[in-house]
Peer 1: 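Below is one structure. I have some questions about it.
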Amino acid sequence: MLKYKCGNCGGEFEIHAHGELLCPFCGTKQYFSDAELSGYKGYRDNVLQYVRRSNDSFFAKGDVLRLFNDSDIEKYESADGSIEIAYTYRTETDGVEIFINKESVVCVFPADRSSLADRALKNIAELEYPSADIKNLRNCLPYLKARYELKSGGVILAFSKNENVYPLFIFSELHPKHVAWIISRMENLCCLLEFNGLDHKHMDEQSLFINPKSHEAFWYGGWWDTEGDGPRTALADIRKTAKKLTGEMVSEGPREYAEFLSSKPRDTAYDDFAYWDEVIEKGFGGHHFADFEG
């Protein structure tokens, strides 16, 4: 699919019907000619029809990697009775227990950390998005479907997810061509942080989830731990997380990929995105969809 990139920050332009190209992150504008706009509109309509059919197919398959069984059970007591959490994967971040099943990411905040639950919900709710959220970044962040107050004084927050979305920490030794699209999604999310003047301290495998078939990434964890100084930690964590995912497979990638993993983040997420896009173009020969082989 055609992509129009901003020469100023490396982001993708939003395309308006009257022929204007607008970067939703830095505000740079360019314009189509009438002939270019007419050709693009016809091409775009055909591509959107194809993408809709493809996405419907992806999501209809459910647990495409067959990595969920949800056979383990954890029980808690609320004011209204017993709560059972069925799960396949379990992890912990900042003292918060996280249970993952086919349809949910469930965070259990103990009494001494219950304030983190409200802080996470507040941070998510207060995020602002570019005028046209072309990457649908809203859909990449947690959506609350249930909250429970525990007799112990703790809090449970249950966030929804699709069956074909998996925690990143279950993957390792991935080929750089697969980690590359995950890095791209992390860079997109850091641009959202930059847009909000925020940093997030958990751009890591414990907090990130992926749909390996549609090449989407989701940031469900650690939202209680943000601050307003721009994504300095998050950009550095992109490198750390990608290194863990790649492991010994780093030698299978291009030189530019290894250099990126060892590099220092650029001054802004927009600049870092532009640098990463150079790695894609020069190291991987451009953007190519690679079927997942995890």
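Just so it is clear, the model here is predicted, and its values are computed rather than measured.
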Peer 1: Does some side-chain heavy atom of I210 sit less than 4.5 Å from a side-chain heavy atom of F218?
Peer 2: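 A side-chain contact is absent here, since even the closest heavy-atom pair is not under 4.5 Å.
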Peer 1: A quick test of your reading: do over 12 heavy atoms of other residues, nucleotides or ligands sit less than 6.0 Å from CD of E92?
Peer 2: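 Atom CD in E92 is packed in, count exceeds 12.
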Peer 1: With clusters defined by side-chain heavy atoms of hydrophobic residues (ILVMFWY) lying less than 4.5 Å apart, directly or transitively, does I170 cluster with L168?
Peer 2: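 Yes, because L168 and I170 connect within a single hydrophobic cluster, where side-chain heavy atoms sit under 4.5 Å apart.
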Peer 1: Please tell me whether T241 and D204 have a donor and an acceptor in their side chains that are separated by less than 3.5 angstrom.
Peer 2: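 Per modelled atom types, T241 and D204 side chains form no pair under 3.5 Å.
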Peer 1: For K161, enumerate each residue passing the side-chain hydrogen bond (donor to acceptor under 3.5 Å, both in side chains) test, keeping only those at least two apart in sequence or located in another chain.
Peer 2: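 side-chain hydrogen bond (donor to acceptor under 3.5 Å, both in side chains) check on K161 returns nothing, list empty.
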Peer 1: Would you say I124 and L192 are hydrophobically clustered, going by side-chain heavy atoms of ILVMFWY under 4.5 Å?
Peer 2: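 As far as the 4.5 Å side-chain criterion goes, L192 and I124 are connected within one cluster.
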Peer 1: Do you know the tightest heavy-atom contact between P167 and I100?
Peer 2: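 Smallest interatomic distance, heavy atoms only, reads CB-CD1, 3.9 Å.
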Peer 1: Do the charged groups of E256 and K282 touch, with an N to O distance under 4.0 Å?
Peer 2: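 No salt bridge links E256 with K282.
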Peer 1: If I compare all heavy atoms of N101 with all of A86, which pair ends up nearest, and what's the gap?
Peer 2: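 Of all heavy-atom pairs spanning N101 and A86, the closest is ND2-O, 2.9 Å.
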Peer 1: Just do the side-chain contact (heavy atoms from CB on, under 4.5 Å) check on L193 and T226 with the steps written out, would you?
Peer 2: CA-CA 10 Å; L193 291 179; T226 66; 5.8 Å; no
Peer 1: Under a 4.0 Å N-O cut-off, is there an ion pair linking E205 with K244?
Peer 2: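 Salt bridge: yes.
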Peer 1: Quick one: which residue pairs count as a side chain to side chain donor-acceptor pair (under 3.5 Å) with a foot in residues 103-114, not counting sequence neighbours?
Peer 2: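 Counting only pairs at least two positions apart or across chains, the side chain to side chain donor-acceptor pair (under 3.5 Å) contacts touching residues 103-114 are S104-K145.
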Peer 1: Measure from the ring center of Y220 to the ring center of F159 and say whether it is less than 6.0 Å.
Peer 2: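 For Y220 and F159, the ring centres are not under 6.0 Å apart.
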Peer 1: Please collect all ring-ring contact (aromatic ring centres under 6.0 Å, His included) contacts where either partner lies in residues 74-118, sequence neighbours excluded, each pair once.
Peer 2: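 Every pair satisfying ring-ring contact (aromatic ring centres under 6.0 Å, His included) with a residue in residues 74-118: F68-Y89, Y87-F99, F109-W224.
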Peer 1: As a quick check of understanding, evaluate side-chain hydrogen bond (donor to acceptor under 3.5 Å, both in side chains) for T88 and D70, giving each step before the final call.
Peer 2: CA-CA 4 Å; T88 300; D70 293 355; 2.6 Å; yes
Peer 1: Group every Ile, Leu, Val, Met, Phe, Trp and Tyr by side-chain heavy-atom contacts under 4.5 Å, then state whether L137 and W181 land in the same group.
Peer 2: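 L137 clusters together with W181.
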Peer 1: Taking only residues two or more places apart in sequence, or in another chain, which ones meet E173 in a salt bridge (charged side-chain N to carboxylate O under 4.0 Å, His left out)?
Peer 2: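 Scan of E173 (salt bridge (charged side-chain N to carboxylate O under 4.0 Å, His left out), adjacent residues dropped) gives none.
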Peer 1: Between S184 and W276, is there a side-chain donor-acceptor contact under 3.5 Å, judged purely by atom types and distance?
Peer 2: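 Their side chains do contain a donor-acceptor pair, which is all the 3.5 Å distance test asks for.
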Peer 1: With the side chain counted from C-beta on, respond yes when L121 and L144 share a heavy-atom pair under 4.5 Å apart, and no when they do not.
Peer 2: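 Yes; the side chains approach each other to less than 4.5 Å.
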Peer 1: On a heavy-atom basis, which atom in V108 and which in P110 lie closest, and how many Å separate them?
Peer 2: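 Where V108 meets P110 most closely, the heavy atoms are O-CD, 3.6 Å.
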Peer 1: Without hydrogens or angle criteria, can the side chains of Y166 and N211 be said to hold a donor-acceptor pair below 3.5 Å?
Peer 2: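 Short answer, no.
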Peer 1: Quick check: closest heavy atoms across W223 and W219, and the distance to 0.1 Å?
Peer 2: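 So the minimum-distance heavy-atom pair works out to NE1-O, 2.9 Å.
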Peer 1: Would you say N164's side chain and V64's backbone share a donor-acceptor pair under 3.5 angstrom?
Peer 2: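 A pair under 3.5 Å: no.
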Peer 1: What donor-acceptor contacts under 3.5 angstrom involve side-chain atoms of residues 228-237, with partners at least two apart or in another chain?
Peer 2:
unit_1	atom_1	unit_2	atom_2	d
R232	NH1	D229	O	3.4
R232	NH2	E194	OE1	3.3
R232	NH2	D267	O	3.1
T233	OG1	D199	OD2	2.9

Peer 1: What is the minimum heavy-atom distance between Y257 and A242, and which atoms define it?
Peer 2: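 Nearest pair, atom of Y257 first, then A242: OH-O, 4.1 Å.
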Peer 1: Taking only Lys NZ, Arg NE, NH1 and NH2, and the carboxylate oxygens of Asp or Glu, determine whether R239 and D272 approach each other closer than 4.0 Å.
Peer 2: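 Here R239 pairs with D272 in a salt bridge, since their nearest N and O are under 4.0 Å apart.
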Peer 1: Pairing donors with acceptors under 3.5 angstrom, does anything connect the side chains of N69 and S71?
Peer 2: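 The answer is yes; a qualifying pair exists.
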Peer 1: Heavy atoms only: give me the nearest H200-H202 pair and the separation to one decimal.
Peer 2: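 Heavy-atom minimum between the residues: ND1-N, 3.0 Å.
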Peer 1: Is E74 salt-bridged to R90, cutoff N-O under 4.0 Å?
Peer 2: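 Judged by the 4.0 Å cut-off on N to carboxylate O distance, E74 and R90 do form a salt bridge.
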Peer 1: According to salt bridge (charged side-chain N to carboxylate O under 4.0 Å, His left out), who are the partners of E278, at least two apart in sequence or on a separate chain?
Peer 2: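 Partners of E278 under the salt bridge (charged side-chain N to carboxylate O under 4.0 Å, His left out) test: none.
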Peer 1: When you measure from the side chain of S78 to the backbone of G81, do you find a donor-acceptor pair of N or O atoms at a distance under 3.5 Å?
Peer 2: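 Between the backbone of G81 and the side chain of S78 there is a qualifying donor-acceptor contact (under 3.5 Å).
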